[in-house]
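Structure first, commentary second.
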Number of protein chains: 2
Amino acid sequence: MKVSTRVEYGLIALMDIVIYGENGQSVSALEIAQRENISHKYLEHILFLLRQAGFIAAQKGMKGGYSLARPADEIVLSDVLNALDSTILSGLDDCGEDSTLRSVIKVCFWEKINSNLNRYTEQLKLSEVVNQCRKNIPESWDMYVI
Amino acid sequence: MKVSTRVEYGLIALMDIVIYGENGQSVSALEIAQRENISHKYLEHILFLLRQAGFIAAQKGMKGGYSLARPADEIVLSDVLNALDSTILSGLDDCGEDSTLRSVIKVCFWEKINSNLNRYTEQLKLSEVVNQCRKNIPESWDMYVI
DNA sequence: GCCTAAACCTATTGACATAGTAGGCAAATA
DNA sequence: TATTTGCCTACTATGTCAATAGGTTTAGGC
């Protein structure tokens, strides 16, 4: 599945905030950008989307930055992906519900793939992705995480 | 998952050829285009891709058209999708195998989704999709299929 | 109250892919 | 030989992506 950098960076940013903002301190866009090698200005747009969608809260001014708006185990992956790219989890365009080959294939093939993708991301929480990632590469993070 | 019309039309065309060319007769591009409501000229490009990839054979001239180059149960869906869009089943761009968050998420999240998608399409044959579709909407096809 | 660091917002841009359209050439058949 | 069909090349309009740029607002530190 093709994934845009907007979606990819968005998830990275969110997870960066979870990891480096664990004790309630906010994480600035510049900090994330430098740590994850993402264009600072581009990241700002992405963080804007994530804030609009209600995943993160922002604090302006000095010592400001971003923090999770709600616990990581209440953030569902499908919501995150949809917020960053409204088409990523939605299936084919609506073509009516006739009996054309097009409609039939839509129901029998494309929607199967799509519902599978949805079922997986709908039950997956941000916290689980973070934990899964921690398990796989723990040693490199221990020195940052307090 | 977002799917381009190129991929969608390609699968439609292939299945149309399976269904309406069952007894060895070839199916013309114009025929498919009219039946499935696809731009004839655009469809030609797509059929060109399918022929290049070895799924269909073409017959020029009067009474010409397209037919399957090999049996439908030897055509694997992942190959078809890849032929129509090389990015659809391939994961994220290669970003090196360091220990950045980016790499870790790639391994722990994106590649999971992708391998799942690949596993499904790699075992799925064109004939199975056709049969599945026949089962779901049989009455509308019976009058065409000989 | 000023300086600075940060988020916020708007506009613009270059590159690329998509979804076609157009027109002619080549081949095979009737 | 005329017609039908596929083959091939070129072109275009539209939209999205991935930034970049620059200014405005807000909040904290001094």
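Below, each value reflects all heavy atoms present in this structure, side chains not excepted, and no hydrogens, waters or symmetry copies. Residue numbers start from 1 in every chain, and the chains themselves are labelled A, B, ... in the order their sequence lines are given, proteins ahead of strands.
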Q.
Do the side chains of A/E74 and A/K125 get close enough for a salt bridge, i.e. N-O under 4.0 angstrom?
A. no

Q: Could you tell me whether B/R134 and B/E22 have a side-chain N and a carboxylate O separated by less than 4.0 Å?
A: yes

Q) Of A/Y66 and B/S39, whose closest DNA chain C nucleotide lies nearer the 5' terminus? A) A/Y66

Can you tell me the distance, in whole Å, between the [atom1] atom of [X] and the [atom2] atom of [N]?
| X | N | atom1 | atom2 | value |
| --- | --- | --- | --- | --- |
| A/I56 | C/dA6 | CD1 | C1' | 14 Å |
| B/L49 | C/dT18 | CG | C1' | 13 Å |
| B/L84 | C/dT18 | CG | P | 11 Å |
| B/H40 | C/dT21 | NE2 | C1' | 13 Å |

Q) Would A/F109 and A/L92 count as a side chain to side chain contact (heavy atoms under 4.5 Å, CB included) if you check the C-alpha gap in whole Å, the side-chain angles of each, and the deciding distance to 0.1 Å? A) CA-CA 11 Å; A/F109 181 68; A/L92 298 185; over 6 Å; no

**Q.** Covered region of DNA chain D, 5' end to 3' end, by chain A [heavy atoms, under 4.0 Å]
**A.** D/dC17 to D/dG29

Passing option when [X] is tested against [options] for side-chain contact (heavy atoms from CB on, under 4.5 Å):
| X | options | result |
| --- | --- | --- |
| B/K2 | A/N114, A/T87, A/L89 | A/T87 |
| A/L47 | A/L14, A/V27, A/I56 | A/I56 |
| B/L101 | A/N37, A/I19, A/V130 | A/I19 |

**Q.** Heavy-atom protein contacts under 4.0 Å, nucleotides 22-30 of chain C, coded B base, S sugar-phosphate only, - none
**A.** BBB--BBBS

Q. If only side-chain N and O atoms of B/Y42 are considered, is one of them under 4.0 Å from the OP1 or OP2 phosphate oxygen of C/dT18?
A. no

Q | Ring-face cation of B/R70 near B/F55 (centre distance under 6.0 Å, axis angle within 45°) | A | no

Q: Treat each ILVMFWY residue as a node, draw an edge where side-chain heavy atoms are under 4.5 Å apart, and state whether B/I32 and B/M62 are in one component.
A: no

